[in-house]
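What follows is one structure encoded as structure tokens, with my remarks underneath.
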2 protein chains.
Amino acid sequence: MDILFKPFIDHFSTNQKLSENTIAEICNHLSVLDLDKKYVLIKENQRHDFAYFVIKGAVRSYYLKDGVEVNTWFALENDMVGSLHNFKGNPSRETIELIENSTLISINLKQVKPLMFSNIQIANFINAIIEDYALFLEDKIYFSQMMSSIDKYLILLDKEPQIFQRIPLTYIASFLGISRETLSRLRAK
Amino acid sequence: MDILFKPFIDHFSTNQKLSENTIAEICNHLSVLDLDKKYVLIKENQRHDFAYFVIKGAVRSYYLKDGVEVNTWFALENDMVGSLHNFKGNPSRETIELIENSTLISINLKQVKPLMFSNIQIANFINAIIEDYALFLEDKIYFSQMMSSIDKYLILLDKEPQIFQRIPLTYIASFLGISRETLSRLRAK
DNA sequence: GAATTCATTTGACAAATGTCACAAAATCAT
DNA sequence: ATGATTTTGTGACATTTGTCAAATGAATTC
């Protein structure tokens with residue numbers, strides 16, 4: 001096994017021990033990618049059924065609204081990148097682009113998914129990924145729906161301070177759902 | 001098997017055939033509930049690890065912000081009710097309350113979940129539920145993040161017209177993230 | 001079916017945020 | 001280093017939306 005795969009495998013097998021065979025079978029469908037800043041992983045409106053795991057780097061996701069980029073989230077180290085909506089065969093609602101030169105693992109979901117009906121360990125491995133993803137989505141909704149812009153800003157500053165070092169405020173403002181001028185004024189306080 | 005369980009079992013076993021034994025094993029942890037309007041299924045800040053499936057009726061979810069109810073969604077027939085956040089042992093962020101007299105199936109997740117490590121059909125059954133839930137969350141985020149209030153209103157009117165028959169506009173307004181006065185003015189056009 | 005409660009609409013005003021324009025600061029590329 | 005580009009900050013003004021108050025309409029209860 002490529003040593004770079006380990007964090008990904010470990011991250012999603014905390015509730016069961018995977019056999020050597022299962023690990024090998026999963027790794028057959030993984031590859032390591034080294035890509036430069038500004039590289040576009042997934043284009044809006046295109047079909048795509050890979051998922052990614054960030055080993056090192058930063059990724060952003062955005063869509064165009066009346067010609068303006070609206071950022072929807074950022075992924076850093078140990079975060080997953082991808083969407084079930086895409087995996088189900090629908091054209092992507094977002095563009096996913098690297099903000100830094102990054103090392104990623106790509107996962108060929110189309111090949112791995114069918115294995116879950118014959119290998120119970122793989123079923124539970126995939127389950128861990130999707131469960132983690134659903135929890136992430138729940139938090140994202142909680143964050144976006146239940147908090148004011150100022151609260152969101154303060155919590156982001158508290159919980160993910162690296163974001164502010166690595167990601168331009170323009171992107172963060174549109175992620176928070178406010179104009180960059182308003183964010184700038186919030187920060188002035 | 002109680003005949004009322006069938007829609008729930010069928011809804012989440014479209015990608016595999018469940019054996020009689022597996023179905024029986026799942027049904028052991030289901031019950032049918034008949035409850036009246038205004039009954040509170042889950043209280044904000046309390047722990048709770050049941051999930052529900054709506055056979056007939058309507059359910060809303062809300063939280064209190066500065067003493068005001070903010071509605072976060074509505075479930076009708078064939079929708080699931082519950083959250084992974086709660087299931088992971090955290091106190092609920094929302095209150096879940098019936099809007100109509102309803103018939104629900106309750107699922108004892110705490111008892112069913114461990115079976116997924118020994119029964120691959122149950123693993124894939126649970127997977128179908130969580131996958132469905134994650135897709136629902138993705139759509140919810142897309143809806144709330146990528147659309148203006150007017151678009152949200154029009155899409156809701158187009159895709160879920162029953163909502164407007166069955167759920168008060170006050171609730172819908174707070175779900176859309178606008179005041180009921182603003183919704184009323186939007187509708188005037 | 002009358003009374004009471006709840007839901008919806010409308011108006012007047014205030015507050016928050018967006019938009020546009022431009023300046024300052026930081027970063028990047030050669 | 002230096003010029004060019006990108007990012008961030010600030011002011012003036014317009015627009016949107018919220019808030020408060022009151023009236024109308026609908027639904028529920030006794």
Worksheet item: Given D:dT10, C:dT10, C:dT19, which nucleotide is nearest the side-chain atoms of A:Ser179?
Response: C:dT19

Practice prompt. Name the closest nucleotide to the A:Thr182 side chain, picking from C:dT17, D:dG18, C:dT19.
Written response: C:dT17

Practice prompt. Specify the separation, in whole Å, of atom CD1 of A:Ile178 and atom C1' of D:dT8.
Written response: 14 Å

Worksheet item: To the nearest angstrom, how far is A:Leu169 atom CG from D:dT6 atom P?
Response: 17 Å

Worksheet entry | Donor on one side chain, acceptor on other, A:Gln111 and A:His29, under 3.5 Å | yes

Item to complete: Take atom CD1 of B:Ile99 and atom P of C:dA7, then tell me their distance rounded to the nearest Å.
Response: 11 Å

Item to complete: Using a 4.0 Å cut-off on protein heavy atoms (strictly under), produce a 5'-to-3' string for nucleotides 20-30 of chain C with B for base contact, S for backbone-only sugar-phosphate contact, and - for none.
Response: B----------

Worksheet item: Can you check the B:Tyr153 OH to C:dT8 P distance for me, whole Å?
Response: 11 Å

Discussion item. Ring-plane angle category for A:Phe12 and A:Phe125, please: parallel below 30°, perpendicular beyond 60°, tilted otherwise.
Written reply: perpendicular

Practice prompt. Find the distance B:Leu176:CG to C:dT8:P and express it as a whole number of Å.
Written response: 13 Å

Worksheet entry | Electrostatic pair B:Glu131:A:Lys113 at N-O distance under 4.0 angstrom | yes

Worksheet, complete the sentence: Taken to the nearest whole Å, CG/B:Leu186 to P/C:dT10 is 12 Å

Worksheet item: Just checking B:Thr170: base, sugar-phosphate only, or nothing, at a heavy-atom cut-off of under 4.0 Å?
Response: sugar-phosphate

Worksheet item: Taking atom P of D:dA27 as reference, at what distance in whole Å does atom CD of B:Glu100 sit?
Response: 14 Å

Worksheet item: Are any side-chain N or O atoms of B:Asn124 and backbone N or O atoms of A:Met116, one a donor and one an acceptor, separated by less than 3.5 Å?
Response: yes

Worksheet entry | Carboxylate-amine/guanidinium proximity below 4.0 Å for B:Lys56 and B:Glu77 | yes

Fill in: Distance-only polar pair, side chains of A:Glu94 and B:Tyr142, donor-acceptor under 3.5 Å
no

Item to complete: Cation-pi check, A:Arg60 to A:Tyr171: give yes when NZ or CZ is under 6.0 Å from the six-membered ring centre and within 45° of the ring axis, no otherwise.
Response: yes

Worksheet item: Can you check the B:Glu69 CD to C:dC6 P distance for me, whole Å?
Response: 12 Å

